[in-house]
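What follows is a set of notes on a single structure, which appears directly below.
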2 protein chains.
Amino acid sequence: MKTVPQPTSHGSPVTEDTRAALMDAAERLFAENGLEGASVREITKTARANLGAVNYHFGTKDGLILAVFSRRLKPINERRVAMLDALEAKAADRPLPLEKVLDAFLRPMIEQQGTGLEDGQAFTRLMSRVFQEPNPQVAQLVCEQFGTIVKRINTALLKAVPTLPPDEVFWRISFLFGSAHHAIDAWSRFDTNPFARIPGAPVPRALDREALLQRLIAYAAAGIRGTST
Amino acid sequence: MKTVPQPTSHGSPVTEDTRAALMDAAERLFAENGLEGASVREITKTARANLGAVNYHFGTKDGLILAVFSRRLKPINERRVAMLDALEAKAADRPLPLEKVLDAFLRPMIEQQGTGLEDGQAFTRLMSRVFQEPNPQVAQLVCEQFGTIVKRINTALLKAVPTLPPDEVFWRISFLFGSAHHAIDAWSRFDTNPFARIPGAPVPRALDREALLQRLIAYAAAGIRGTST
DNA sequence: GTTTGATTAATACAAACGTTTGAAAATTTG
DNA sequence: CAAATTTTCAAACGTTTGTATTAATCAAAC
């Protein structure tokens, strides 16, 4: 029987324990090389840990993968729910301001990147491909985590744009998800983005977090309000 | 020295040759399990070919990967260029109709799925994750293939929406790419889409090709015209 | 100071990976 | 038909993969 250790009972922040070091290394390498492309050997070497450390702390490589995703995804989604809660509480029965709803969805994901760990940046690249991830365990986790959010966004959008046909919302949310994740990915590796270097292609300006957020919100708001076809 | 055979000088369409069978199997398995997740052994078994067939016909697994992408990507992008050419020829000096520009970009990708081979559907799922692909050869191919398109779309959008600041276009194109690929992916596997089954989540309607296309165009057009912030 | 439990470390293992090889089979060419 | 070329095939190669094992090291509790 495998005894899974507690996540450091005292949590000394001075020296990062092996568990966290593994997750940090894994997050970065997963983002760079993909879930299958990053080997346990590479991860443990980067984390300056022993080869067996992954299996000891997370049971299996899949366990590490799930832990990496959970660590970032949970706080993001909790913050989203909290912001939506606050929004709906304040609005009472009046229609929600669409831009605020979009802000509640997008801001936690975008701001998550600056919590001190520079590895946070790597996670957004993971996020943008998380929906296509073949790993069934990851797919289930993502589905669970995002299920709540999708539901909340759905009702919020209906309250924000009452004229929107209910079975249209699914597609608008799909569009929103797609543009958000794609753009954040492009933004997070802006300097190495191949499209940013194509001569004759649109010359982009490096944006700060807030500017990207505002552009995303403006784009999505216009698209969701849409023109009645 | 390796003699790479010609792609079947006569191209008998009756019985599919090994080369094409390999690409079909690979396309499907790449879409299902990822580029690294689909093994040469699995591919050759699915294609009912010998294990060495991939290395004989494509040199290496990477060669097969590139061939799979090229086969679909090239005709799509050629059609896009042709449609944009026709559009600009007809418009002369007048501003291009934005919806038509978006149609020229989106339609070839969406309609490509119905060319008889049901595997065409698998490719769109490949497309949606092609931008995050860690494989450097794939990244370069994608960059080459999309480079032309991005440039063309850029100038077309500027001619369609003259009030748009030039360094905004990059981001709007990013949003467009993101929403398009994400939505097409969600659409192509609509029946197994986890989000379509979440109780309380937006109930989507299965769309036909044209309806999806029109929704995408409407959404992107509204977003790109945007509200001047 | 010894015992106890948690962690690290080095090594081993079987399975799966992409690729190579050389001979058989099939096909095309003269 | 014979010669030449292309394609298939079965077997094996050397790596690399994730995981299991067993002993050594460490920190705290008694």
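In what follows, every chain begins at residue 1, and chains take the letters A, B, ... in the order their sequences are listed.
Across the interface with DNA chain D, nearest-nucleotide mapping of B/Gly52 and A/Lys61 shows B/Gly52 to be the residue nearer the 5′ end. Residue-to-nucleotide proximity on DNA chain D shows that, of A/Val54 and B/Ala49, the 5′-proximal contact is made by B/Ala49. Summary of the strand contacts: A/Arg41 and A/Arg48 both lie near DNA chain C, and taking for each the nucleotide with the nearest heavy atom, the more 5' one is attributed to A/Arg48.
A salt bridge links A/Glu27 with A/Arg72; the closest basic N to acidic carboxylate O contact falls under 4.0 Å.
Between the side chain of A/Asp185 and the backbone N or O of A/Ser128 there is no donor-acceptor pair closer than 3.5 Å. Put simply, the side chain of B/Lys61 gets close to the backbone of B/Leu35: a donor and an acceptor are under 3.5 Å apart. Remark: side-chain polar atoms of A/Arg80 are not paired, donor with acceptor, to backbone N or O of A/Ala104 under 3.5 angstrom.
Rounded to an integer number of Å, the gap from CD of A/Glu36 to C1' of C/dC17 is 12 Å. Straight-line distance from the NE2 atom of A/His57 to the P atom of D/dA20: 15 Å, rounded to whole Å. The CG atom of A/Leu51 sits 17 Å away from the C1' atom of D/dA24 (whole-angstrom rounding). The nearest whole Å value for the distance from the CG atom in A/Leu22 to the C1' atom in C/dT7 is 12 Å. Atom P of nucleotide C/dT19 and atom CZ of B/Phe58 are separated by 13 Å, given to the nearest angstrom. Across the protein-nucleic acid pair, B/Glu42 atom CD and C/dC17 atom P stand 8 Å apart, rounded to whole Å. When the P atom of C/dA9 is taken as reference, atom NZ of A/Lys45 falls 15 Å away, rounded to whole Å. Straight-line distance from the CG atom of B/Asn55 to the P atom of D/dC9: 15 Å, rounded to whole Å.
Side-chain atoms of A/Tyr56 lie closest to C/dT8 of the nucleotides D/dA10, C/dT8, D/dG18. Comparing C/dA12, C/dA9, C/dT19 by their nearest atom to the side chain of B/Thr60 picks out C/dT19.
For A/Ser39 and D/dT17, the shortest distance from a side-chain N or O to OP1 or OP2 is below 4.0 Å. OP1 or OP2 of D/dT8 lies within a sub-4.0 Å distance of a side-chain N or O belonging to B/Thr18.
Ring orientation note: the planes of B/Phe175 and B/Trp171 are tilted relative to one another, at an angle of 30° to 60°.
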